[in-house]
There are 2 protein chains.
Amino acid sequence: MKTFSLFHYFKVKIDRIKNNVYLYSEISIYLMKRKVTLKQIARELDVSISTVSKSLRNSLEISEDTRQKVQAFAKLYNYKPNNIALSLKNKKTKTICIIIPEIIHHFFATVISGVENVANENGYNVLVCLSDESFDKEVINMEMLANGSIDGFIMSLSKETQQKKDFHHIVEVINQGMPVVMFDRVTNEILCDKVIIDDNLAAFNATQYLIDKGFKKIGLISTVDYVSVGKLRTEGYIKALKNNDLKIEENLILKIEDTENFEESIANLLANNEIDAVFAVNELFAVTAIKEANKLGKKVPEDISIIGFTDGIISKYSSPSITTVSQNGVKMGGKAAKMLIERLEAEEEDEEQYKTEVIETELVERESTK
Amino acid sequence: MKTFSLFHYFKVKIDRIKNNVYLYSEISIYLMKRKVTLKQIARELDVSISTVSKSLRNSLEISEDTRQKVQAFAKLYNYKPNNIALSLKNKKTKTICIIIPEIIHHFFATVISGVENVANENGYNVLVCLSDESFDKEVINMEMLANGSIDGFIMSLSKETQQKKDFHHIVEVINQGMPVVMFDRVTNEILCDKVIIDDNLAAFNATQYLIDKGFKKIGLISTVDYVSVGKLRTEGYIKALKNNDLKIEENLILKIEDTENFEESIANLLANNEIDAVFAVNELFAVTAIKEANKLGKKVPEDISIIGFTDGIISKYSSPSITTVSQNGVKMGGKAAKMLIERLEAEEEDEEQYKTEVIETELVERESTK
DNA sequence: TTTCAACACGAAAACGTTTTCGGTGTATAA
DNA sequence: TTATACACCGAAAACGTTTTCGTGTTGAAA
């Protein structure tokens, strides 16, 4: 029994501790070695577990003398309370889970960063789960963790979930009393706190920006409609055109389904139409548009202007760098975490109404527009 | 007491269950509502907790009859065992923690992705902690989680930790019997499992590649030496030059300390020297070199060739796309997770010797070299 | 000397599991 | 009828905490 031998390593030292001779300076060297529990300290010091616990928490019930003795001993063995036991007792884990479709998307990475910051400031840990855009993985993750492992969820829906419109797993979790905050890819069918950007407005502004520059034939590279943000951004684009009495031309609108091999579709869009500007709903589409334009002998921004969405690594370091709608992921994640934690620490479900926070976007002008 | 009223909602149904009339088809509708425990089921069914537990685990000690009754009831109330309680009992949390300096670096994001995959396959969850390149945050995170919250660590050292060379927090954790796997930014001062790439060799190969193309004046953009990978890559570069009897010119070697505002340094390097090729130790430096070269009127790859390190988003989508040393983060994370889990599930610390796995790199040829 | 408060500490319950061990009751064999 | 076996079930310990309540000792006041 390794845990026992531990107590005989520094017999001399311990006896001195017991006799209230505290040698703090000598103690730090012996910090190492296995986990020690209240029970073990209690046994060794010939007091009860309660006494040890109270001593360490500086309870007034305990005499100055034993308190110091216990604390010195605990320090010697580097006692730290077991978090799992505390979680069980308190019915709180101080851990929140964020479920995102993919981590390699820069935007989601920044959101995690924002969540982590705020969570840590408030003493929470962050569990990251990747749904991989899969409905099943989303469900499994949630069911797995909803059984005491965490205190609440922050999530952005997977594509498949948005397509199926099946949200039973989320409803169940909420019904069990566990708070959920959705961000970015949300749905109206679930009642919970949400934090989003005004995709519609942002797209409208971006398109308007192009129109103001004098462009008439503005292409749109979007996603299929079941991706909520794709749909909203498409609507914003259309609204801007209508507002300026420009014709909506179906062949200028490209809706990409597959995230692989979309280069050809974009090349076709650019080749077969007299487009003088493009609004792309993400930075991948934007940078690909630049590449394909170059291949067709069209220079950016001289021959064609391009605006992207999401201010990530690509937009910043592409040549030319890309004018884009900046969507502050860090702020978004931070806000989501704040909302979740506030709800967790509210006096037992005030059942106060759910809120939807809108993070403002900003158009970052770079080299891809003129 | 909300938890009680629950038991009176569907009184009729329950009575039928008790009388062994199992109506599975009707059950699914009532899945919702709060967490139910073994104790509650036991009380309601007038059996002991042990019986309920055994029934649900299909113990042979329990009669077919009560087993079915209990299982039907548990299903009705969507019983799921409490993970925290299980963790406490089993002294295993089935959670591993990955500590990385920053999540917005594409490479680290891919590592997380690899860790997540392997972890999930083996029934583990992944807790992500960001050290933010800070020693203190690294220490706090580790101390916080080493108290039962997780089963093991996967980590890459923060810059500050590498600079201070203070690894006491890691030693302590290991001494407590918690396995640690280090990746990418590792140190020889710690004995544990590691997974790295052969930075030296990879840099050597990349430099050799440039030399083979006929370049003589090859610049190096590296980091300061306390960043282990920066140092190793620098050594590889120097070795390649020496091997080919090329002069090592100090003014062709740029060591960047600050990750902000390094553009000027790079511009100076390119402006003040007759450089015909550059090897950069990460993709940020590589893409910046391209930008600065362009500003100086030098075209890539016509006037100057550039090789980067880490095959990330930037290298792929930059124009021109960047020839780079591909460092497979997913594979690296997967390997690290595999090593950690194997150690966790080994028959109680065989104390088998620690291993260091080397992930092979690959030179991905793109447009930035000719 | 008796009474009472203050003090210092311990026992035990609770959180939700799993598992070991022991104890019923019934049926079968002697 | 008695002994044995077996099927079925419950009590209790264990994981590591915190907290409530109870209890014994001490000293001072009556």
Side-chain angles (χ1 to χ4, degrees), chain A residues 1-3 20 34-71 74 77-94 145-151 176-177, chain B residues 1 3 20 34-71 74 77-94 144-151 176-177:
Chain A
M1 300 264 81
K2 271 177 181 166
T3 27
N20 291 349
R34 309 190 91 70
K35 294 274 79 176
V36 81
T37 68
L38 290 185
K39 189 195 280 194
Q40 293 172 314
I41 297 181
R43 192 189 305 152
E44 203 65 14
L45 251 36
D46 261 325
V47 292
S48 75
I49 297 180
S50 336
T51 303
V52 178
S53 175
K54 287 172 192 164
S55 298
L56 294 176
R57 323 193 89 241
N58 282 317
S59 162
L60 296 175
E61 285 182 64
I62 306 299
S63 72
E64 180 70 15
D65 216 48
T66 41
R67 220 164 67 206
Q68 290 209 8
K69 181 157 52 181
V70 170
Q71 292 190 0
Y77 282 118
N78 193 25
Y79 170 80
K80 296 274 172 57
N82 180 302
N83 282 328
I84 297 292
L86 287 179
S87 293
L88 182 60
K89 185 138 209 359
N90 301 332
K91 298 181 149 235
K92 280 183 190 170
T93 62
K94 284 281 185 179
L145 294 169
N147 304 109
S149 302
I150 60 157
D151 294 343
Q176 281 176 12
Chain B
M1 302 262 83
T3 27
N20 293 349
R34 306 187 96 71
K35 295 273 80 176
V36 80
T37 69
L38 289 185
K39 190 196 276 195
Q40 293 173 314
I41 296 181
R43 192 190 304 152
E44 202 66 13
L45 251 34
D46 260 324
V47 292
S48 75
I49 295 180
S50 338
T51 303
V52 177
S53 175
K54 288 175 192 164
S55 298
L56 294 177
R57 323 192 88 239
N58 282 317
S59 161
L60 296 175
E61 286 184 62
I62 306 298
S63 72
E64 180 69 17
D65 217 48
T66 41
R67 220 162 68 205
Q68 291 210 6
K69 183 157 51 182
V70 171
Q71 291 192 0
Y77 281 118
N78 195 25
Y79 169 80
K80 298 270 175 56
N82 181 303
N83 283 328
I84 297 293
L86 287 178
S87 294
L88 182 59
K89 185 139 207 3
N90 302 332
K91 298 180 149 240
K92 281 183 190 168
T93 61
K94 284 283 185 175
M144 171 123 199
L145 294 169
N147 304 109
S149 301
I150 60 156
D151 294 343
Q176 281 175 13

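Heavy atoms only: backbone and side chains are in, while hydrogens, waters and symmetry mates are out. Just so you know, these numbers come straight off a predicted model, no measurement behind them. So that the names make sense, note that chain A is the first sequence line, chain B the second, and so on, each numbered from 1.
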Distance check: side-chain N/O of A:Arg67 vs OP1/OP2 of C:dA8, anything under 4.0 Å?
->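 Checking A:Arg67 against C:dA8: no side-chain N or O falls below 4.0 Å of OP1 or OP2.
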Distance check: side-chain N/O of B:Arg57 vs OP1/OP2 of C:dT19, anything under 4.0 Å?
->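 Yes, B:Arg57 has a side-chain N/O under 4.0 Å of OP1/OP2 on C:dT19.
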For atom [atom1] of [X] and atom [atom2] of [N], their distance in whole Å:
X: A:Ile49; N: C:dA14; atom1: CD1; atom2: P; value: 17 Å
X: A:Asn83; N: D:dT18; atom1: CG; atom2: P; value: 11 Å
X: B:Ile84; N: D:dT17; atom1: CD1; atom2: C1'; value: 13 Å
X: A:Lys69; N: C:dC9; atom1: NZ; atom2: C1'; value: 12 Å
X: A:Leu56; N: D:dT19; atom1: CG; atom2: C1'; value: 15 Å
X: B:Asn58; N: C:dT19; atom1: CG; atom2: P; value: 13 Å
X: A:Ile62; N: D:dT19; atom1: CD1; atom2: P; value: 13 Å
X: A:Lys39; N: C:dA11; atom1: NZ; atom2: P; value: 13 Å

First encountered from the 5' end of DNA chain C, between B:Lys54 and B:Leu88 |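 Nearest-nucleotide comparison on DNA chain C picks B:Leu88.
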Take A:Leu60 and A:Ser50, find for each the nucleotide of DNA chain C with the closest heavy atom, and name the residue whose nucleotide sits nearer the 5' end.
->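 In this pair, the answer is A:Leu60.
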Would you say the side chain of B:Tyr77 lies within less than 4.5 Å of the side chain of B:Ile41, judging by non-hydrogen atoms?
->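 No, too far: nothing below the 4.5 Å cut-off.
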Just by modelled atom types, is the B:Ile84 backbone N or O under 3.5 Å from a matching donor or acceptor in the B:Asn82 side chain?
->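 Looks like yes, one N/O pair under 3.5 Å.
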Could you tell me whether a side-chain N or O of A:Asn83 sits under 3.5 Å from a main-chain N or O of B:Met144, the two making a donor and an acceptor?
->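 Answer holds: yes.
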Need one value for [X]: base, sugar-phosphate or nothing, where a base atom within 4.0 Å counts as base even if backbone is also close, heavy atoms only.
X: A:Thr66; answer: sugar-phosphate
X: A:Ser53; answer: base
X: B:Lys80; answer: sugar-phosphate
X: A:Leu38; answer: base
X: B:Lys89; answer: base

Between B:Val47 and B:Lys91, name the one whose nearest nucleotide on DNA chain D is closer to the 5' end.
->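 Counting from the 5' end, the first nearest nucleotide belongs to B:Val47.
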In Å, rounded to the nearest 0.5 Å, how long is the span from NZ of B:Lys94 to OG of B:Ser87?
->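 Nearest 0.5 Å value for the NZ-OG distance: 10.5 Å.
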Is there a donor in the side chain of B:Glu64 and an acceptor in the side chain of B:Gln68, or the other way round, less than 3.5 Å apart?
->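 Looking only at side-chain atoms, B:Gln68 and B:Glu64 do form a donor-acceptor pair, the distance falling under 3.5 Å.
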Counting heavy atoms from C-beta on, name the nucleotide in D:dC9, C:dT17, D:dT18 closest to the side chain of B:Ser63.
->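 Between D:dC9, C:dT17, D:dT18, the one nearest the side chain of B:Ser63 would be D:dC9.
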Side-chain donor/acceptor of B:Glu61 to base of D:dC8, under 3.5 Å |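 Counting by modelled atom types and ignoring angles, no donor-acceptor contact under 3.5 Å is found here.
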